[in-house]
K.L.:
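Shown below is the structure under consideration.
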Protein chains: 2
Amino acid sequence: MTEPRWLAADEQRAWRAFLLMHSRLAARLNRQLQAACGLSLADYEVLVHLSEAAGGRARPHELQRALDWEQSRLSHQLARMRQRGLVTRERCGEDRRGAHVLLTDAGRQAITTAAPGHVETVRRLFFDPLTEDQVAALHTLAGQVLARLDDDGAPGDPEAPRDEAPRDAGGSGRRP
Amino acid sequence: MTEPRWLAADEQRAWRAFLLMHSRLAARLNRQLQAACGLSLADYEVLVHLSEAAGGRARPHELQRALDWEQSRLSHQLARMRQRGLVTRERCGEDRRGAHVLLTDAGRQAITTAAPGHVETVRRLFFDPLTEDQVAALHTLAGQVLARLDDDGAPGDPEAPRDEAPRDAGGSGRRP
DNA sequence: TCCATCTCCATGACACATCATCTATGGAGG
DNA sequence: CCTCCATAGATGATGTGTCATGGAGATGGA
């Protein structure tokens with residue numbers, strides 16, 4: 001083992017600032033959503049994708065890829081959301097292993113109520129203090145890191161299913 | 001409520017790229033640490049701060065501020081770490097409400113073993129694909145967002161305990 | 001056809017985070 | 001001294017994420 005390439009002081013500061021920014025931001029967004037309408041950030045993301053899907057209906061596996069979540073995380077999440085009446089399940093005709101998840105009225109109501117406040121918070125806390133150039137630079141930077149994450153591969157997973165760099169996918173700023 | 005300021009398409013993409021970068025990065029770092037030495041990222045952070053403290057000893061409240069964690073999160077975390085033999089507790093002389101947490105030999109061993117691989121992974125996945133200017137720009141950007149998070153205040157928490165935003169390091173190319 | 005294998009999804013165990021609440025001590029003012 | 005409140009920290013309930021595993025249905029040869 002060769003001597004590790006330690007981080008320089010300014011690298012450490014940048015790294016920690018990045019982590020701190022994310023954790024505080026996520027905490028704020030979670031609390032805002034929770035306070036405003038009893039949703040978590042995870043609920044919100046699922047609801048966004050469902051509400052954008054045709055008929056408010058989607059296959060779990062499709063959601064999984066879109067959200068880039070672990071399969072079991074999504075499964076648990078959907079179970080909880082079903083229990084709270086935000087979504088329901090339907091057996092799937094074409095592929096009887098699978099299922100359809102679909103938005104209930106309560107679910108659509110929840111996302112419609114939640115979206116404006118959430119987007120406003122994202123804008124106020126994140127976009128407002130930044131310039132357009134800074135946002136663009138962050139986007140570029142994230143793309144580079146994601147590309148590295150991809151082709152560095154899960155070590156021991158030599159052939160990764162190549163797909164999305166920050167291609168679209170509607171996120172926080174949706175129109176209900 | 002006025003019409004919300006929805007996110008433009010490129011803003012959405014940037015935002016989602018940022019979130020995706022963080023979640024994938026965190027997942028990778030967690031797995032690497034877990035595989036290499038059975039530590040979580042949270043364990044690692046606690047151990048780092050403890051190992052940098054004089055005598056491998058610190059007050060919980062001090063750790064809490066340094067890590068920017070919720071109090072109960074730290075308390076639970078320390079309980080688990082104590083149970084696994086990474087740290088121990090000591091009653092505190094000066095303030096008998098409090099305690100000292102101190103690194104055990106096993107804890108010091110763990111952080112010593114973990115650090116090179118962790119730093120190497122951070123460098124490979126995060127710093128290597130970026131230029132110095134990009135890192136500096138990210139640092140600046142994070143500072144701005146953190147400042148906003150601070151003075152936006154926890155709504156209903158008008159007087160926040162002012163503390164660190166990453167002081168910007170001079171000289172690196174940037175233009176707000 | 002039959003069997004191996006892959007895909008889609010659920011589940012239980014456990015680690016972790018947050019919230020609300022609780023104890024005990026410290027400190028200031030009467 | 002005592003009272004009131006702030007601070008340090010622990011704890012239990014609950015929601016959330018990951019890992020390992022399992023099972024049913026699809027798929028593709030031999």
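The figures that follow rest on heavy atoms only: side chains count, while hydrogens, waters and symmetry mates do not. Every chain is numbered from 1 and lettered A, B, ... according to where its sequence line falls, protein lines coming before strand lines.
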K.L.:
Would you jot down, in residue-number order, the residues of residues 79-90 of chain B having a non-hydrogen atom under 4.0 Å from DNA chain D?
P.N.:
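Listed by number, they are B/Arg89.
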
K.L.:
Please examine the side chains of A/Met21 and A/Arg16, heavy atoms only from C-beta on, and report whether any two atoms are closer than 4.5 Å.
P.N.:
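A/Arg16 vs A/Met21: side chains apart.
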
K.L.:
With heavy atoms of chain B within less than 4.0 Å as the criterion, where does contact along DNA chain D begin and end?
P.N.:
D/dT7 to D/dC19

K.L.:
In whole angstrom, what separates A/Leu78's CG from C/dC8's P?
P.N.:
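Going from CG in A/Leu78 over to P in C/dC8 covers 15 Å.
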
K.L.:
Could you tell me whether the side chain of A/Leu141 reaches within less than 4.5 Å of the side chain of B/Leu138, counting heavy atoms only?
P.N.:
yes

K.L.:
Taking atom types as modelled and ignoring hydrogens, do the side chains of B/Gln144 and A/Gln134 form a donor-acceptor contact shorter than 3.5 angstrom?
P.N.:
yes

K.L.:
Any donor-acceptor pair under 3.5 Å linking the side-chain atoms of B/Gln109 with those of B/Thr113?
P.N.:
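On atom types as modelled, these side chains qualify, holding a pair under 3.5 Å.
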
K.L.:
In the structure I gave you, are the side-chain heavy atoms of B/Val101 and B/Arg57 within less than 4.5 Å of one another anywhere?
P.N.:
no

K.L.:
Using a 4.5 Å cut-off on heavy atoms from C-beta on, say whether the side chain of A/Arg80 contacts that of A/Leu86.
P.N.:
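The answer is no; the side chains never approach within 4.5 Å.
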
K.L.:
Considering every strand and a 4.0 Å limit on heavy-atom distances, what is the contact class for B/Asp95: base, sugar-phosphate, or nothing?
P.N.:
sugar-phosphate

K.L.:
Answer whether the closest heavy-atom distance between the side chains of A/Val119 and B/Arg5 falls below 4.5 Å.
P.N.:
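In short, these two side chains do not touch, never coming nearer than 4.5 Å.
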
K.L.:
Under 4.0 Å from any atom of DNA chain D, heavy atoms only: list the residues of residues 34-63 of chain B that qualify, in numerical order.
P.N.:
B/Arg59, B/Pro60, B/His61

K.L.:
Working to the nearest 0.5 angstrom, can you tell me the gap between A/Gln64 CD and A/Arg73 CZ?
P.N.:
11.0 Å

K.L.:
Between B/Arg24 and A/Asp150, does any side-chain N to carboxylate O distance fall below 4.0 Å?
P.N.:
yes

K.L.:
Can you give me the N/O atom pairs linking the protein to nucleotides 18-21 of chain C at distances under 3.5 Å, or say none if there are none?
P.N.:
{"from": "C/dT18", "atom 1": "O4", "to": "B/His76", "atom 2": "NE2", "distance (Å)": "3.1"}
{"from": "C/dC19", "atom 1": "OP1", "to": "A/Arg31", "atom 2": "NH1", "distance (Å)": "2.9"}
{"from": "C/dC19", "atom 1": "OP2", "to": "A/Arg31", "atom 2": "NH1", "distance (Å)": "3.1"}
{"from": "C/dC19", "atom 1": "OP2", "to": "B/Glu70", "atom 2": "OE1", "distance (Å)": "3.4"}
{"from": "C/dC19", "atom 1": "N4", "to": "B/Ser72", "atom 2": "OG", "distance (Å)": "2.8"}

K.L.:
Tell me, do B/Thr121 and B/Leu29 make a side-chain contact under 4.5 Å, heavy atoms counted?
P.N.:
yes

K.L.:
Work out how much the helix from C/dT1-D/dA30 to C/dG30-D/dC1 bends between its end axes, five pairs an end, to the nearest 10 degrees.
P.N.:
10°

K.L.:
Do B/Pro60 and B/Glu62 come close enough that some side-chain heavy atom pair is under 4.5 Å?
P.N.:
no

K.L.:
Quick check against the 3.5 Å criterion: does B/Arg28 have a side-chain atom that pairs as donor or acceptor with the backbone of A/Leu149?
P.N.:
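Yes; at least one donor-acceptor contact below 3.5 Å.
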
K.L.:
Should the heavy atoms of other residues, nucleotides or ligands under 6.0 Å from CD of A/Glu132 be counted, would the total exceed 12?
P.N.:
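At most 12 heavy atoms, drawn from other residues, nucleotides or ligands, come within 6.0 Å of this atom.
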
K.L.:
Heavy-atom count check: over 12 atoms from other residues, nucleotides or ligands less than 6.0 Å from B/Gln83 CD?
P.N.:
no

K.L.:
Give a yes or no on whether a salt bridge exists between A/Glu90 and A/Arg59, defined as a side-chain N under 4.0 angstrom from a carboxylate O.
P.N.:
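A/Arg59 and A/Glu90: not salt-bridged.
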
K.L.:
Looking at side-chain heavy atoms only, is the closest gap between A/Leu41 and A/Leu33 below 4.5 Å?
P.N.:
yes

K.L.:
For DNA chain D, which residues in residues 97-115 of chain B have a heavy atom at a distance below 4.0 Å?
P.N.:
B/Arg97, B/Gly98, B/Ala99

K.L.:
Sort out for me which residue in B/Thr88, B/Val46, B/Leu103 forms a side chain to side chain contact (heavy atoms under 4.5 Å, CB included) with B/Met81.
P.N.:
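Testing each of B/Thr88, B/Val46, B/Leu103 against B/Met81, the sole residue satisfying side chain to side chain contact (heavy atoms under 4.5 Å, CB included) is B/Val46.
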
